[in-house]
Amino acid sequence: MVRIEDINVYETAPEGINLTVVKLVTSEPGLFGFGCATFAYRHESVRHVIEEYLLPLLRGRDVSAVEQIWHLVHHNAYWRNGPIENNALAGIDTALWDIKGKMAGMPLYQLFGGKHREGVPVYRHADGRDADEICDNIRKFREQGISTIRCQCGGYGGTYGTAPSTAPDGSPDGAYLDSRSYMRDTLKLFGEIRSRFGFDIGLCHDVHERLAPVDAVTFAKEMEPFRLFFLEDALPLEQIDWLRRLRRLTTTPLAYGELFNNPAEWRSLIAERLIDYIRVHMTQIGGITPARKLQIFAEQFGVRTAWHGPGDMSPFAHAANIHLDLAAHNFGIQEWSGTEPPNSVIQDLSGPKDALLDVFPGMPVFRKGYVYPNDTPGLGVGFNEKEAARYPCGKPVVRWTQTRGADGTLVAP
Ligand code: MG
């Protein structure tokens, strides 16, 4: 029997984003697995859970019992489904799947049933200060073979910096969003994009939960003429009961789920077909094991996957997404954050920078609109500890989540 001998946690920030890597060392010399346990904004808490609680729990256990170990960890602290516990669990679970693949001599998509397609179509983010800049970025992505693009005016809309003059006296500096001008600007942008590029290009937009529910309903209806690929997170997590109303009133396809960490949050949304795309964050729900169950569940209801693929997950999680995508019949599309430093899309798309590739050799590669995994056994991604140590993590106060409405009230980030 091959046993868990040790669990090492590494923290690295090759792109300035904190990433947490789990290395699960086994009793068999040379056999180990990697997983992603990234919770970028609470990374030391995840490390603490793994080192202080999960290592003593798991040392000596049979690495082949992936499902059993998932349940063991999930229930071990009695209270469950929080982001710190789930990300820690995802690191272990993904590393166990990596080991399973290495022991079988197969890439993970083979263990999941084999490929439905040879490559994974991905979408990218075209951001910019105005329509010209956003359209320039769309053009660059199209030249790379990307046919579906998420478009946003200046990130998630709004202004950053000093408090706007329309806010009450004494309002703090930071991010402000005026929902009326955000909706107006976005509708204008999509009109402009469709008039320049026509309808042969897939367009996504992420509201990022920033609208009041009734405004989200109006906005989704007003976006209908632009025939979106999907509208993402139109409602705040706390207001998902409004999805029934949103669904009844609009034909705009809806994508939802990157904040979910509990099956109770997605079960009725899928069973009632209230959404078109489920886009959970693989590590936030606890790893590959629950993600596979969710994907297979969604397939029964015609809901497709569009797993969250942001910069604040490590290439081990991106690789897990790609393996799941290849083996999913109900795959929709994959968000791909690429290997350039964040926001470089606005400045330069000339080619990938090396930091992420240096730390994570073998990470999935992008070619002409598709991403392909490395075909070696397991996840197919390595980890260069020496390179990783060159990029220490920071612990700044998180500011981007402190967005305010026009009158200074904090809103969902
Ligand atoms: Mg999003």
Side-chain angles (χ1 to χ4, degrees), residues 15 17 36 38-41 83 86-87 121-128 134 137 141 146 148-158 160 175 177 179 182-183 186 189-190 202-211 213 215-216 219-220 223 228-240 242-243 246 252-261 265-266 269 274-285 291 294 298 303-314 317-318 321 324-325 331-338 342-343 345-346 398-403 411-413:
E15 295 185 320
I17 300 171
C36 177
T38 299
F39 182 4
Y41 317 111
N86 272 6
N87 277 289
V122 294
Y123 75 90
R124 297 293 310 267
H125 300 177
D127 207 336
I134 293 164
N137 287 323
F141 281 136
I146 293 173
T148 305
I149 299 169
R150 191 191 84 166
C151 304
Q152 310 282 140
C153 296
Y156 299 118
Y160 296 83
L177 178 88
S179 53
Y182 158 72
M183 290 189 283
T186 305
L189 170 69
F190 277 78
L203 297 178
C204 303
H205 179 71
D206 189 354
V207 175
H208 226 265
E209 319 176 88
R210 289 180 169 193
L211 292 175
D215 290 337
F219 182 64
M223 289 292 269
L228 292 191
F229 189 92
F230 63 58
L231 183 68
E232 179 180 343
D233 290 351
L235 296 163
L237 183 62
E238 294 78 5
Q239 300 299 341
I240 51 174
W242 281 75
L243 266 175
L246 184 61
T252 294
L254 302 172
Y256 210 82
E258 72 186 50
L259 283 131
F260 290 166
N261 58 15
E265 293 171 303
W266 62 69
L269 266 50
L274 297 178
I275 57 173
D276 300 279
Y277 296 92
I278 180 75
R279 39 180 291 97
V280 301
H281 186 104
M282 190 275 293
T283 65
Q284 164 79 358
I285 68 165
L294 167 54
V303 173
R304 286 178 281 177
T305 63
W307 306 131
H308 196 216
D312 50 2
M313 57 174 21
S314 79
H318 289 296
N321 281 343
L324 290 164
D325 293 337
F331 164 78
I333 199 159
Q334 179 61 54
E335 182 177 33
W336 181 248
S337 46
N343 300 324
V345 58
I346 292 173
V398 184
R399 302 210 183 276
W400 73 268
T401 50
Q402 301 182 34
T403 304
V411 296

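Ligands are counted one by one from 1 in listed order, and the atoms in each one are counted from 1 as well. Nothing fancy with the numbering, it's 1 onward along the sequence.
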Is R304 paired with D276 through a side-chain N to carboxylate O contact shorter than 4.0 Å?
->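 No salt bridge links D276 with R304.
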Indicate the ring-plane relationship of Y256 and F260, choosing parallel, tilted or perpendicular according to the 30° and 60° boundaries.
-> tilted
Do the ring planes of W336 and H318 sit parallel (below 30°), tilted (30 to 60°) or perpendicular (above 60°)?
-> perpendicular
Look at the side chain of N86 and the backbone N and O of Q284, then say whether any donor-acceptor pair between them is shorter than 3.5 Å.
->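 Looks like yes, one N/O pair under 3.5 Å.
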Looking only at side chains, do T403 and R210 share a donor and an acceptor under 3.5 Å apart?
->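 There is such a pair between these side chains.
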Residue pair E335 / H125, side-chain donor-acceptor N/O under 3.5 Å |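 Result is yes, a qualifying pair exists.
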Atoms of type N, O or S from protein under 2.8 Å of the Mg ion (ligand 1), total 3
